Amino acid sequence: MKKILLLTLIMLVNINLAMAQQNTASIKFEKTLHNFGEFSENEPIQTCAFKFTNVGTAPLIINQAIGSCGCTIPTYTKTPIRPGEKGEIKVTYKGKGLYPGHFKKSITIRTNGDPSMVRLYIEGTMTDSQQQSEAEKK
């Protein structure tokens, strides 16, 4: 009798775990890398948007979005995103006062969904304003 009760209890716990796993949020991005290409030091602020969809069955909550340095500033929706709905994370790169050249920065996204952490990347090449003006003279 004890074995039957124990087996029944184990079976109920497994069923509850399986049902809990089915009701989760899941984030899916259209792309995880944005390339700004070349831009001048005279226009150091560049912006892009990473679009995503909640492909899960529960509301998706973005808990945190952090840039790898102070020049990379992400903004995101603070309200839950229902299953099937879309959202976006806007990222601004502020290159003012930074050295010209190629850069690659990351943005770490943390959610209540699966996966719970996603990395987005931005890259580009900021050209020297003096090189730009010399090229225009030629």
Side-chain angles (χ1 to χ4, degrees):
M1 187 66 167
K2 288 183 181 180
K3 288 183 180 180
I4 293 172
L5 268 142
L6 183 61
L7 287 173
T8 305
L9 182 62
I10 290 172
M11 209 164 72
L12 286 173
V13 168
N14 285 336
I15 289 171
N16 282 338
L17 286 173
M19 291 180 80
Q21 289 176 352
Q22 292 175 354
N23 196 20
T24 59
S26 183
I27 192 167
K28 183 175 182 187
F29 282 91
E30 291 178 5
K31 63 179 182 175
T32 56
L33 169 68
H34 179 82
N35 190 333
F36 291 113
E38 278 194 18
F39 59 93
S40 173
E41 188 178 22
N42 294 331
E43 296 177 10
I45 298 175
Q46 300 291 312
T47 304
C48 68
F50 290 93
K51 297 181 185 218
F52 64 87
T53 305
N54 178 0
V55 295
T57 56
L60 174 73
I61 298 169
I62 299 174
N63 298 318
Q64 194 176 47
I66 300 175
S68 58
C69 74
C71 63
T72 306
I73 301 143
T75 57
Y76 58 95
T77 305
K78 308 284 194 255
T79 58
I81 294 103
R82 289 196 201 105
E85 287 187 350
K86 296 181 181 290
E88 69 179 16
I89 296 174
K90 293 181 182 174
V91 179
T92 302
Y93 174 76
K94 294 187 176 183
K96 185 173 182 167
L98 301 177
Y99 291 107
H102 185 267
F103 65 90
K104 185 169 187 177
K105 305 293 179 180
S106 66
I107 302 93
T108 303
I109 310 299
R110 296 191 187 277
T111 73
N112 68 327
D114 183 33
S116 62
M117 185 188 81
V118 179
R119 281 219 170 82
L120 307 173
Y121 297 93
I122 59 170
E123 70 177 324
T125 304
M126 185 167 66
T127 58
D128 189 352
S129 61
Q130 291 176 350
Q131 288 177 345
Q132 187 80 16
S133 61
E134 288 173 12
E136 290 172 359
K137 289 178 184 177
K138 293 179 181 179

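These figures come from a predicted structure and were not determined experimentally.
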Yes or no on side-chain contact (heavy atoms from CB on, under 4.5 Å) for Met117 and Thr108, after CA distance, side-chain angles and deciding distance? CA-CA 7 Å; Met117 185 188 81; Thr108 303; 3.7 Å; yes
So which heavy atom on [X] is nearest to which on [Y], and how close?
{"X": "Ile27", "Y": "Val118", "result": "CG2-CG2, 4.0 Å"}
{"X": "Ala58", "Y": "Ala25", "result": "O-CB, 3.4 Å"}
{"X": "Pro59", "Y": "Pro80", "result": "CB-CB, 4.1 Å"}
{"X": "Thr111", "Y": "Pro115", "result": "OG1-O, 3.2 Å"}

Any chance you could measure [X], atom [atom1], to [Y], atom [atom2], to the nearest 0.5 Å?
{"X": "Ile109", "Y": "Phe29", "atom1": "CD1", "atom2": "CZ", "answer": "5.0 Å"}
{"X": "Thr77", "Y": "Ile61", "atom1": "OG1", "atom2": "CD1", "answer": "12.5 Å"}
{"X": "Phe50", "Y": "Lys31", "atom1": "CZ", "atom2": "NZ", "answer": "6.0 Å"}
{"X": "Ile73", "Y": "Ile66", "atom1": "CD1", "atom2": "CD1", "answer": "13.5 Å"}

Listing request: all ring pair (Phe, Tyr, Trp, His ring centres under 6.0 Å) pairs with a residue in residues 53-87, at least two apart in sequence or in separate chains. none
Can you name the side-chain contact (heavy atoms from CB on, under 4.5 Å) partners of [X], sequence neighbours left out?
{"X": "Thr92", "result": "Ile45, Thr47, Lys94"}
{"X": "Thr75", "result": "Lys90"}
{"X": "Glu85", "result": "Ile81, Arg82"}
{"X": "Thr72", "result": "Cys69, Val91, Tyr93, Lys105, Ile107, Ile122"}

Quick note, salt bridge (Lys or Arg N to Asp or Glu O under 4.0 Å) partners involving residues 53-80, not counting sequence neighbours, are none
Listed partners of [X] passing side chain to side chain donor-acceptor pair (under 3.5 Å), at least two apart:
{"X": "Glu123", "answer": "His102"}
{"X": "Gln46", "answer": "none"}
{"X": "Lys86", "answer": "Thr53"}

Has [X] got a side-chain atom pairing as donor or acceptor with [Y]'s backbone, closer than 3.5 angstrom?
{"X": "Asp128", "Y": "Pro100", "value": "no"}
{"X": "Asn54", "Y": "Ser26", "value": "yes"}
{"X": "Ser106", "Y": "Leu120", "value": "no"}

Are any non-hydrogen side-chain atoms of Phe39 and Met126 less than 4.5 angstrom apart? yes
Please go through Tyr121's hydrophobic cluster and name the other residues, only I, L, V, M, F, W, Y counting, with side-chain heavy atoms under 4.5 Å joining them. Leu33
